[in-house]
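Structure first, then comments.
Just follow the structure's listing: the first ligand is 1, and inside any ligand the first atom is 1.
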Amino acid sequence: MEKQIGFGSLCVHDPKEQIHTQPHQLPIYATSSFSFDSIEQGMDVFLGKQPGHIYSRFGNPTIDTVAEKISRLESFGTGFEASGLLTSSGMAAIATLLMGLLKPGDAILTQGNLYGGTTALFRDVLQPLNIHFQTADLNQFDELEALLKKNARIRLLYYETPANPTLDCYDMAALAELAHKYNCIVVADNTFATPYLQRPLEFGADFVVHSTTKYLNGHGNSTAGAIVGKDKEQMREAVLPKLKLLGANCNSWDAWLLNNGLKTLEIRMERHCRNARQLAQWLEQHPRVEKVNYPGLPNHPSHEIAQRQMKDFGGMLSFELKGGLEAGKQFMNRLQFCTLTPTLGDVDTLVLHPASMSHISVPREVRLQYGITDGLVRISTGIEPIEDIIGDVEGAI
Ligand SMILES: *Cc1c(COP(=O)(O)O)cnc(C)c1O
């Protein structure tokens, strides 16, 4: 018989866990720490001599299972095993990775049309730490090579393809080849495409980052990010320690929601792509539409590159209405079915007017340089029946 303990102690202490069969679905581990059977076991886990968890800021079974799933998706078909970490957001993934890889004096080479938060992170967080960045057109290889030759401080090439909101695509294999020639690390933000459409590691990237808040979760109900690296040792020695110290870890609940979304990634992406293609074709022939940006259209400047490196052309598109800013605003206000929101990648169709929303603080001439005209509308095509999406867009145009 066990020794009798007091009523209050029975309230506080849990009986031994009643797990006799494996749960069918991933459990949410709501525990900040893990306990050890002996001091020896504790030492071995701390030293990494045996697997085990210590403290949820360093990871726990829920978080690590989902990180492992994303690393398997990003390395699918590549023949090597990658390693993954989950973070509290896409921004946390980017910040943690770059702080793990770069030191003061280093510089980043990247594109001007990055996700706005990423540009702001480079400018307002990394630059004050003496990690500088330089932007260039990632389709101009002569210019890129000249920059790499001239500036030996550039240690890292950072890219997004397709890029927001004109869906310009960049040749991932050629970028990696050029960067590696100058001993630069290659990092890809694969948020827009997801590993269903393209796997940058296969095209030479060393690391992939994600805002899983978008397509990977797909339902707009969790904020998280992911880092996937080809080199397991570098992930363990350079990236994980920074994640622990910055406290950039994901939590179990958001990881669980992300995992739930991931289960349907393939079928969601199939429908997102099919709907976006049909919507782009419909918009292209509309007399009130000036221009449609969708890499799946043969006249898009990146059509050929996209065809070479993507399985399909994705769910994102943008288009320009005749009539500029006023036409763009009126269109947005007349929509009944599509939702006006600044995120993307959810199951429902989401619409954004960059000139009055995401890029409102960017000077007009700067945004025009990146194709963000006054009447430009961005659509994240949902998985609803295409007739309902086109019907709403038609009514609003
Ligand atoms: C949203 C987004 C981010 C930032 O991710 P959060 O989860 O919002 O922190 C980074 N890159 C791209 C391409 C994004 O769309």
| query | For Thr341, which residues count as a side chain to side chain donor-acceptor pair (under 3.5 Å) partner, sequence neighbours excluded? | reply | none
| said: His53 and ring pair (Phe, Tyr, Trp, His ring centres under 6.0 Å): which single residue from Tyr29, Phe36, Phe34 fits? | reply: Phe34
| said: Among residues at least two apart in sequence or on other chains, which ones pass ring-ring contact (aromatic ring centres under 6.0 Å, His included) with Tyr55? | reply: Phe58
| message | Looking at Gln50, I want to see if its CD is surrounded by more than 12 non-hydrogen atoms of other residues, nucleotides or ligands under 6.0 Å. | response | yes
| field | Residues in ring-ring contact (aromatic ring centres under 6.0 Å, His included) contact with His286, at least two apart in sequence or another chain | value | Trp282
| What's the shortest heavy-atom distance between Asn217 and Ser222, and which atoms? | ND2-OG, 3.3 Å
Extract all N/O-N/O pairs under 3.5 Å that connect ligand 1 to the protein, and present each with both atom names and the distance rounded to 0.1 Å.
{"unit_1": "ligand 1", "atom_1": "5 (O)", "unit_2": "Ser211", "atom_2": "OG", "d": "3.0"}
{"unit_1": "ligand 1", "atom_1": "7 (O)", "unit_2": "Gly90", "atom_2": "N", "d": "2.9"}
{"unit_1": "ligand 1", "atom_1": "7 (O)", "unit_2": "Ser211", "atom_2": "OG", "d": "2.8"}
{"unit_1": "ligand 1", "atom_1": "7 (O)", "unit_2": "Thr213", "atom_2": "OG1", "d": "2.7"}
{"unit_1": "ligand 1", "atom_1": "9 (O)", "unit_2": "Gly90", "atom_2": "N", "d": "3.0"}
{"unit_1": "ligand 1", "atom_1": "9 (O)", "unit_2": "Met91", "atom_2": "N", "d": "2.9"}
{"unit_1": "ligand 1", "atom_1": "11 (N)", "unit_2": "Asp189", "atom_2": "OD2", "d": "2.7"}
{"unit_1": "ligand 1", "atom_1": "15 (O)", "unit_2": "Lys214", "atom_2": "NZ", "d": "2.7"}

